[in-house]
Amino acid sequence: MNEYEKLLQQIHLTYSNELYVVDYLGHLIKLECPFIVEATETIGNVQQGSRYEVLSVKISIRLETVYQINNSYYLYKSFEIL
């Protein structure tokens with residue numbers, strides 16, 4: 001197994017019920033799933049302006065943060081945390 005395949009295997013196994021974010025005052029905050037987000041754009045079954053519950057947080061193959069909403073995964077940058 002090469003290094004890329006090892007990385008893919010590790011990413012596939014990642015699972016997190018928490019996300020650390022910095023608030024507008026510069027404080028580090030831990031959010032635990034489920035937490036609520038609002039879609040900033042329409043993607044697939046997600047409608048802009050609607051609120052959704054994030055069930056888990058993962059890392060994509062491209063090393064980007066994704067949210068699990070229902071049974072699908074979406075890039076974090078398409079949402080605003082409420």
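Model, not experiment: these values are computed from the prediction.
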- Message: Hydrophobic clusters here meaning ILVMFWY residues chained together by side-chain heavy-atom distances under 4.5 Å, can you tell me if Val54 and Ile29 are in one?
- Response: yes
- Within a strict 4.5 Å, meaning less than it, do heavy atoms of the Arg51 and Leu82 side chains meet? yes
- Task: Evaluate the side-chain contact (heavy atoms from CB on, under 4.5 Å) criterion for residues Asn70 and Asn45: first the C-alpha distance (whole Å), next the side-chain angles of each, then the deciding distance (0.1 Å), finally the verdict.
- Result: CA-CA 10 Å; Asn70 297 323; Asn45 294 330; over 6 Å; no
- Task: Begin from the C-alpha positions of Ile81 and Leu19 and carry the test side-chain contact (heavy atoms from CB on, under 4.5 Å) through to its verdict.
- Result: CA-CA 11 Å; Ile81 297 171; Leu19 176 68; 4.1 Å; yes
- Item | Partners passing side-chain contact (heavy atoms from CB on, under 4.5 Å) against Thr42 (at least two apart in sequence or in another chain) | Gln47, Gln48
- Query: Between Ser56 and Cys33, which heavy-atom pair has the shortest distance, and what is it?
  - Reply: CA-SG, 3.7 Å
- Decide whether Val21 and Leu75 are clustered together by the hydrophobic rule: side chain heavy atoms of Ile, Leu, Val, Met, Phe, Trp, Tyr closer than 4.5 Å, transitively. no
- Side-chain donor/acceptor of Asp23 to backbone N/O of Leu25, under 3.5 Å: yes
- Message: Under the rule for salt bridge (Lys or Arg N to Asp or Glu O under 4.0 Å), what residues qualify as partners of Glu53, not counting sequence neighbours?
- Response: none
- Got a donor-acceptor contact below 3.5 angstrom from the Thr40 side chain to the Ser78 backbone? yes
- Query: Shared ILVMFWY cluster between Ile59 and Val66, side chains joined below 4.5 angstrom?
  - Reply: no
- Query: Do Ile36 and Leu55 belong together in a cluster built from hydrophobic side chains that touch within less than 4.5 Å?
  - Reply: no
- Any side-chain heavy atom of Glu38 sitting closer than 4.5 Å to one from Phe79? no
- Message: Which residues pass the ring-ring contact (aromatic ring centres under 6.0 Å, His included) test with Phe35, not counting sequence neighbours?
- Response: Tyr67
- Task: Please identify each residue that fulfils salt bridge (Lys or Arg N to Asp or Glu O under 4.0 Å) with Glu41, with sequence neighbours left out.
- Result: none
- Which is it for Val46 and Tyr74 under the side-chain contact (heavy atoms from CB on, under 4.5 Å) test, yes or no, and what are the steps along the way? CA-CA 9 Å; Val46 169; Tyr74 302 94; 3.4 Å; yes
- Message: Considering only residues two or more places apart or on different chains, which pairs with a residue in residues 24-34 satisfy salt bridge (Lys or Arg N to Asp or Glu O under 4.0 Å)?
- Response: Glu18-Lys30, Lys30-Glu32
- Tell me, please, which residues at least two apart from Tyr24 pass side-chain contact (heavy atoms from CB on, under 4.5 Å). none
